[in-house]
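Step one of this worksheet: look at the structure below.
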Amino acid sequence: SVCRVLEPVVTERLLPYLRKRFDCSSLELSQALIRRYLPTERREHPAHFDAHATATVVVSLCAPDDYVGGYYAQPTSDAASARYASLDVGDAF
C-alpha cells in the first residue's frame with residue numbers, strides 16, 4: 001500500500017530533518033495528500049498559502065517529462081516572488 005511505502009520515508013528521513021530544522025522535537029505529520037492530474041480530471045491547483053502549516057513538503061511522484069508546469073513557492077503576495085523548482089521522481093522540496 002501507499003502508506004507502507006511512505007511511512008519509512010516520513011519517519012526515518014522527513015520528520016528527523018524537519019524536527020532539527022525547526023528545533024521542535026515534538027513536530028508530527030498532520031496531513032498527507034496525494035494528488036494526480038490526468039487529462040480527464042483536475043488539471044490545476046489554484047495558488048494558495050499554506051498558512052496553517054509549520055512546514056509543507058512536496059515529493060514528486062513522476063518525471064518532469066511527464067507533465068507541463070510544476071511546483072513553485074511564492075513567499076509573498078507579489079507574483080514576482082515566485083520561485084520554481086524542477087523536481088525529479090522522489091525529489092522533495
Side-chain angles (χ1 to χ4, degrees):
S1 77
V2 173
C3 290
R4 193 171 61 245
V5 171
L6 293 179
E7 185 177 10
V9 175
V10 170
T11 60
E12 297 169 15
R13 297 179 72 190
L14 185 59
L15 281 176
Y17 169 78
L18 292 171
R19 287 174 179 153
K20 184 175 181 177
R21 171 69 176 83
F22 291 99
D23 192 25
C24 181
S25 62
S26 62
L27 190 133
E28 292 292 336
L29 176 67
S30 172
Q31 294 180 349
L33 304 171
I34 297 176
R35 299 188 187 276
R36 69 180 184 179
Y37 302 91
L38 297 176
T40 59
E41 297 178 3
R42 174 189 13 204
R43 300 296 298 158
E44 61 184 47
H45 188 66
H48 63 281
F49 285 92
D50 289 348
H52 63 284
T54 299
T56 299
V57 177
V58 173
V59 178
S60 181
L61 300 177
C62 59
D65 294 340
D66 292 342
Y67 61 90
V68 175
Y71 176 75
Y72 73 94
Q74 184 175 316
T76 72
S77 60
D78 182 2
S81 71
R83 299 293 179 257
Y84 291 82
S86 176
L87 300 177
D88 208 343
V89 176
D91 286 350
F93 182 88

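We count residues from 1, following the sequence as given.
- Side-chain contact between V9 and V59 is absent, with no heavy-atom pair separated by less than 4.5 Å.
- Residues L15 and V57 share a single hydrophobic cluster, defined by chaining ILVMFWY side chains whose heavy atoms lie under 4.5 Å apart.
- Taken to the nearest 0.5 Å, the CD atom of E7 stands 10.5 Å off from the CG atom of L29.
- Heavy atoms only, all atoms of each residue included: A63 and V89 are closest at N-CG2, 3.3 Å.
- Annotation: R13, atom CZ; neighbour count of heavy atoms from other residues, nucleotides and ligands within 6.0 Å does not exceed 12.
- Taking all atoms of both residues into account, the shortest heavy-atom contact from P75 to S81 is CD-O, 3.3 Å.
- Between the R19 side chain and the L27 main chain, a donor and an acceptor come within less than 3.5 Å of each other.
- Atom CG of L6 is separated from atom CG of L61 by 7.5 Å, given to the nearest 0.5 angstrom.
- Atom CD in E28 sits 10.5 Å away from atom OG1 in T11 (nearest 0.5 Å).
- Crowding of D78 atom CG: a count of heavy atoms from other residues, nucleotides or ligands under 6.0 Å exceeding 12.
- Rounded to the nearest 0.5 angstrom, D50 CG and H52 NE2 are separated by 5.5 Å.
- Atom OH of Y17 has 12 or fewer heavy atoms from other residues, nucleotides or ligands within 6.0 Å.
- Summarising the geometry of L87 relative to P64, their closest heavy-atom pair is O-CG, 3.4 Å, with the distance given to 0.1 Å.
- Under a hydrophobic-cluster definition in which Ile, Leu, Val, Met, Phe, Trp and Tyr are linked whenever side-chain heavy atoms come within less than 4.5 Å, directly or via other members, L14 and F93 are assigned to different clusters.
- Contact detail for P16 and V10: the closest heavy-atom pair is CD-O, 4.0 Å.
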